[in-house]
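Below is one structure, written out as structure tokens; comments come after it.
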Amino acid sequence: MFGNLFEEEGEEGFSSASSKGRVVKGGDEPPSPRGRSNLCGIKNQGGTCYLNSLLQTLLFTPEFREELFRLGPEELGCLEDKEKPGSKVRVIPLELQRLFARLLLVDQQSASTADLTDSFGWNSSEGTNQHDVQELNRILFSALEHSLVGTSGSTFIQQLYHGTIVNSIVCKECGNVSQRQEDFLDLTVCVCGVSSLEEALWNMFVEEELFEGNNLYRCAQCDRLVTAAKSAKLKKLPPFLTMSLLRFSFDFTKCERYKETGRYSFPLTINIRPFCEQTDGEDSDYSYELFSVIIHKGGCYGGHYHVYINDIDQLGQWEPPEEDCKPKTQKKVKEEVIKVCEPKLQADDPLSVLTAIIAQEPSKSVLVDQLGQKLMDKIGSSWNKKFKKHYGPIGKFLHSHNDVFMLLSNGPRVALKANPPSPVTEPPVPLEQTTDSEPSTASDKGDFKQHTGPDQKPESEKEGSHWFDLNDSTVTSIRESDIEKQFQGKESAYMLFYRKAQLHRPCEALNNPEYKVPFHLIQMAEEENIKLQQMREKFEATNNTVELRLHLVHSYRLENGALQPANKVQNEITPLNFDRRKTVGDLRLAIYQMQEFWEGDMALTVARSLPAGLHLYNTLTDDSISLYSAGIYTNSDLFVWNGREVCGATIFTGAEWEPVLLTVVRPFLGEDVEQKAGEGLACEEDRESFENEGPGLKRESRGFAGGATLGEVREALGEPKESLLCQEHKGAKREQQGVGEGGGASGWRVFPPDDMHRTLKELSLKDGDALLVLEPQSFDSSVFTLNGDVVTVTTPSDCRWLQVEFRPHEGRRGEVEKREERKIKVPATGNMLLCEVKQRAIEELQLHKEPPGAQYCLRQVDCTGKLLPPVCEELNVRDAGVRLMTTLILCPGNAPKASQLFLHLSVGTAPSVGMEMDIIVERTCTVKECLKTMLEAVGIDGTCWHLRRLDWCEEVGEPLMDEDASLSELKISSGETLVITEGHLPPKGFLKLSVWLYLGSKNMETYLNHTDEQMLDVVSGDGTCHSLHVFGSNTAKLTSVGQVEISDEATLEDLKTQVLTLPALQNVCVPTTAFMRMWQLEGQRLVRILRGQQLTLRKLKLTSGADLCVQQLLKEEELGSKDVVLHVKMGIPGERCYYPPEELVWDASRDSSPRSLRTCLAAHYGLSPDCLLLAKHHPDKHIWEEISNWSQQVSKKKKKKKAESLLGAPFHLKDGDTIGIKNLLIDNNRDFITLEDEQGQQRLREQAEQRRKGGQAAGSDGTGLQKKAGQNKARKPEVALSISVGEFR
């Protein structure tokens, strides 16, 4: 099946996506209620769209529906008795009755056909097979006729749908007429070579076929071959006329089927008189009206069905289609009308804004809890940000203007007194609307009912037009003119259903879904509605529970401008789960009940943890508003106090008093530190102080209220008024690096006296800013120099050195042990040239004795020990950005000049660490010249190459498109890696992608029966061959299916749709693109899953030439950004092997710790988490790494616990990784190694030995593309459609 064909979400259905502060916690989400159309769709079981379309057509055939409902349990039996021996329960019509009752009366977005298909005798795989809807129509009617034998409804299908055709042959010699009658259930009309339904019927029933020449007719009366004429006429017309269009034909030249997509029109009303045998009746006897069009989208080997239906009984709420379907001129006119009619809006006047919002609502009223969101949509700012400071909470503002606004008694809604809503015109609030902002309260919810009476219709509805598009679970309104769009194309009409114009519906049937529905089915639907309502209320209550963090006043004290815990050891946070739909007063009462000994008033103030401590913002004063309206969400901090003071100290609240955590820097020139620094023995803490703030300075973090003045800060530090306060000099970037970074001096700006009266907020000081405090006597030292308003901090002479470590080439062995000894300390200053530093190091290390002509360069190392690009030796220490008291590595190689770049290069793929080559090129050379130099360096000939950069995640990224641009113009800097990629440069914004198909062993056999394709062993992201549970096999292959060319602005959904159009995928049946998984291949491995249906290929970092892999799924999938697809396999107790692997999607968005994964696996296998032992498989090394709840690591520098995450080091879990599981309750073997792993380790050792001896490396297992010659075999055979029916004769 093709394209995004199933939109399972309703227009306003229940959404599990988390809104702000709301987390969907339960997995048992109730079915969504009906959408705006008030009609129920049908769920797709994977490939049952053809069944859904036909069932909806039968449901909206009132005469069929009522005849079915007329049959009671006394004739059909009861489903409860179907298992009893000897009972004759007619299961199919009973299940069909139940399904129709649910579609009519149960308040759900879509109903399931599982019970009905079970009554057909279908197994689970039948739901995924696609069949022809015309074939189903005949088989289903036949099954119903057999099921109703011996009942009063045994002939109703015959009466409604069966007609008669009379075929006549007239002898031209004697005039003898030979006639033969035949019944028909539907008329199969030709599409090929004709342009309309009328023309096809004319050819069938008006045109005569002559028997002449070599094709003569034997007349029974003449008893010889004669010339004759053959014709056919309609003898008996049924009430319902079904037309099947022969869209599928066979090309005998190519020996393949194809679909007719040319224009083929059909009328909304048709007169059958010209095609009938008897034509003497009234016109109304021959007039038929179209009421259903089943549409097929796709090709002849797969596609999708949906249906356009005219709702004759007007059971649904028809409304005009979306605005984007209207012509641009119509939109423009409407926009002008809105612009003229819209009240003049004053964005700064809240009264004007709220009045305009309410006046523009169709019901002239708005839910109070939705008013804030509508205000945000209107003016682009929230009430709290724009108006709350001057006007208070929005609820209080509405109450204070009761002369303008009024609260309605039928719910928390607000309207204008000047224009109150009428009880007749005000529409009820459906449940779907409340889920988009704040969930509905109990008073908003009611049982499902039809809201529109017979006399009420939307104003824009055209009289007599009630057409809907029923596409599985989705039901949308369409216009009658939209039917013309199905005349031609890949998505076109396939079956037409006409009803006699004489058939009129009684008035009591209009807008009445209960019309002629048996009482027991109405009762069943009401019970299901009550159950659904309870499920939704329970789900709403569960998912509207927010987790609050209460901070009680007796556990805090005021310190450094912020609230600090009185006890640093104990956790001072009290968790509380509360329903956010309840009011602030309810929350206050609940906290009162928790705190039995609380005395006096209780204030609840929104707080936030800042680097300086806990700070208070707005106090919740209006007890009548809900927590949602008050802006309280999950993990909100609330401070519980008396609203005035904490431990006797007055508390200032609000954003203007937010505390700022400053780094206070003071002079510190102790002799011990100077001596240690001079000897290179400074402790880690002193060394950190020297490198970060400069020697002679010590720092401490202090918090201050943001509303405090600089003078008050000086007093709080205990400094005299003569002291100077300085801020880092932001104007000079080089000086800002500090002495440690560039050598020499750093600059600080002195705050002028006027700034002493300004607050920290006014001075724009923020967390982490440094504040240098100097007393007048500090300038007696040579370290501090005052020049105007700038203080210069000069590096002491005993700290001016660089350590140089000699690191020979990696290939030289035997010197590794001496590396630690070959370190020397070179005296250096900020103005010293790096070439002098290198020369002194070479002399002291006695490297001048090395072979003559040996070249060396100086390189820095990063925090991980990785070598950085060589420094330019023409620069001094300061200009090169080299920090004093750090280490430089002396390596073999050339150093670049100031006009040159040092680049890494790789061929084909992203390089591994240490595997890339190095090259030095001029900054001014072009991309083409650089490519030529690199090709010469690696010894590659030819012109079919181009350069690409690495992206931020060290993967091959975008190509360098402008070959004539210089490297400096492209902002390529030293140390970057360029990848030489085979192929010409792709066009800008256009991608050419190779596509592979993922096959398991089961569907591999059927797929390869008809293809001769290139095969590739599938290797997942961790390098192992995997079998996914969706295939239920132990092996999998990749087969090449072709290439696609697509714009990089296309979405992932567009890419999947285009991939499915490849000829090699014609037999792959996918209901919707959500049933597909798209992998990216790199180095012939599955490395990542592409996520986000609506993300563009550019955002997904896809580049031209990339390899993609398509995997077919048995259920829809929409992976989140933190969902990890793992292959899990349980160890077989007592054996060194595993059960077949299964696929597991692990949600790591909220918790990526080992505990979360263990809990997920325990739920999957139904075991206790404590009895599971987990390990990750490393197939490249054939080892298992055990996953345990390791103790948290503590950073010495930040004194803060690092978060446990399996997505980070050391496991780095990603899509496709294999997780082994041991059940310790029944398996005592804690070793995950298998015999295959031991054999793989032995192979690795042998390969390493061969490489060490200089032998040719053994080829890696299964990584090359292997072509397998197959035979051209027949296409996968089609499965016959059948329905099992019992014997009732």
Side-chain angles (χ1 to χ4, degrees), residues 51 54-72 74-77 88 90-97 99-100 116 119-120 132-167 179-189 201 204-205 232-244 270 272 275-278 281 284-292 294 312 495-505 516 1281-1289:
L51 173 64
L54 182 60
L55 290 176
Q56 292 284 20
T57 299
L58 297 179
L59 173 71
F60 285 93
T61 307
E63 291 76 9
F64 178 91
R65 182 179 72 229
E66 291 166 7
E67 285 291 333
L68 183 67
F69 282 146
R70 190 172 56 81
L71 302 171
E74 62 280 356
E75 292 187 276
L76 301 181
K88 289 192 175 183
R90 305 170 193 268
V91 183
I92 293 178
L94 284 172
E95 291 292 359
L96 197 57
Q97 281 185 344
L99 176 62
F100 280 7
L116 179 63
S119 71
F120 291 169
D132 184 75
V133 68
Q134 180 189 4
E135 181 186 12
L136 173 70
N137 183 54
R138 295 179 177 180
I139 292 176
L140 178 60
F141 279 180
S142 175
L144 281 174
E145 287 179 324
H146 283 83
S147 297
L148 297 177
V149 168
T151 68
S152 60
S154 59
T155 60
F156 87 86
I157 291 179
Q158 179 84 20
Q159 295 168 359
L160 293 179
Y161 293 96
H162 280 261
T164 305
I165 296 176
V166 56
N167 295 295
Q179 289 188 335
R180 179 176 56 85
Q181 295 186 12
E182 58 177 301
D183 287 345
F184 68 88
L185 181 67
D186 58 78
L187 295 177
T188 302
V189 295
L201 293 175
M204 289 175 62
F205 300 113
K233 292 290 182 180
L234 293 172
K235 183 180 181 71
K236 175 193 170 187
L237 295 178
F240 296 92
L241 196 57
T242 304
M243 308 283 189
S244 296
I270 188 171
I272 307 296
F275 318 121
C276 294
E277 184 183 35
Q278 298 178 359
S284 58
D285 296 335
Y286 306 97
S287 182
Y288 282 80
E289 295 175 348
L290 182 70
F291 76 98
S292 177
I294 293 183
I312 297 168
M495 284 188 77
L496 308 176
F497 294 83
Y498 287 88
R499 57 183 284 121
K500 273 195 173 183
Q502 293 176 336
L503 298 176
H504 298 292
R505 299 294 296 152
K516 290 195 176 181
L1281 178 65
S1282 63
I1283 297 178
S1284 301
V1285 185
E1287 285 292 332
F1288 301 105
R1289 296 188 182 277

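Side-chain atoms of L496 and F291, non-hydrogen and from C-beta on, never get closer than 4.5 Å to each other. You'll find the side chain of R90 stays beyond 4.5 Å of the side chain of V1285, heavy atoms only. Within the 4.5 Å cutoff, the side chain of L503 has heavy atoms near those of the P239 side chain. For the pair F497/L54, a side-chain contact is recorded, criterion being any heavy-atom separation below 4.5 Å from C-beta on. Between E145 and S154, every side-chain heavy-atom pair lies at or beyond the 4.5 Å cut-off. For the pair L59/L99, no side-chain contact is recorded, criterion being any heavy-atom separation below 4.5 Å from C-beta on.
Shortest non-hydrogen contact noted between Y288 and Y498 is CB-CB, 3.8 Å. Between Y286 and Q278, the closest heavy-atom pair is OH-O, 2.8 Å. F100 and R65 get closest at one heavy-atom pair: CD2-CG, 4.2 Å.
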Would E95 and S119 count as a side chain to side chain donor-acceptor pair (under 3.5 Å) here? Give the steps.
CA-CA 7 Å; E95 291 292 359; S119 71; 5.9 Å; no
Apply side-chain contact (heavy atoms from CB on, under 4.5 Å) to F240 and F64, showing your working.
CA-CA 10 Å; F240 296 92; F64 178 91; over 6 Å; no
Candidate pair D132 and N137, rule side-chain contact (heavy atoms from CB on, under 4.5 Å), full reasoning
CA-CA 9 Å; D132 184 75; N137 183 54; over 6 Å; no
Could you walk me through whether L96 and L55 satisfy the side-chain contact (heavy atoms from CB on, under 4.5 Å) test, starting with their C-alpha distance in whole Å, then the side-chain angles of each, then the deciding distance to 0.1 Å, before giving a yes or no?
CA-CA 9 Å; L96 197 57; L55 290 176; 3.7 Å; yes
Going through the checks in order, is the side-chain contact (heavy atoms from CB on, under 4.5 Å) test met by L76 and L148?
CA-CA 8 Å; L76 301 181; L148 297 177; 3.8 Å; yes
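Rounding to the nearest 0.5 Å gives a distance of 14.5 Å between NE2 of H146 and CZ of F141. To the nearest 0.5 Å, atom OG of residue S287 and atom CG of residue L237 are 11.5 Å apart. A distance of 9.0 Å separates CD1 in I294 from OG1 in T242, rounded to the nearest 0.5 Å. From L234, atom CG reaches atom CG of L187 across 6.0 Å, with rounding to the nearest 0.5 Å. Distance check: K516 NZ to L68 CG gives 13.0 Å after rounding to the nearest 0.5 Å. We find the NZ-CD1 distance between K233 and I272 to be 12.0 Å, quoted to the nearest 0.5 Å.
The ring-ring contact (aromatic ring centres under 6.0 Å, His included) check on F275 picks up nothing, with sequence neighbours excluded. With sequence neighbours left out, E67 forms a salt bridge (Lys or Arg N to Asp or Glu O under 4.0 Å) with R70. Applying the side-chain hydrogen bond (donor to acceptor under 3.5 Å, both in side chains) criterion to D186, with sequence neighbours excluded, gives Q134, R138, S244. With sequence neighbours excluded, the residues forming a side-chain hydrogen bond (donor to acceptor under 3.5 Å, both in side chains) with S292 are T57, listed by chain and number. Every residue meeting the salt bridge (Lys or Arg N to Asp or Glu O under 4.0 Å) condition with E277, not counting sequence neighbours, appears here in chain and number order: K235.
A salt bridge is defined here as a Lys NZ or Arg NE, NH1 or NH2 lying under 4.0 Å from an Asp or Glu carboxylate O, and K500 with E63 fails to meet this definition.
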For residues 160-167, tabulate all N or O donor-acceptor pairs below 3.5 Å that involve a side-chain atom, not counting sequence neighbours.
{"residue": "T164", "atom": "OG1", "partner": "D183", "partner atom": "OD1", "Å": "3.4"}
{"residue": "N167", "atom": "ND2", "partner": "E182", "partner atom": "OE2", "Å": "2.6"}

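One side chain, E75 or S152, offers a donor N or O that lies under 3.5 Å from an acceptor on the other.
Checked by atom type and distance alone, the side chain of R499 never pairs as donor or acceptor with a backbone atom of T61 at under 3.5 Å.
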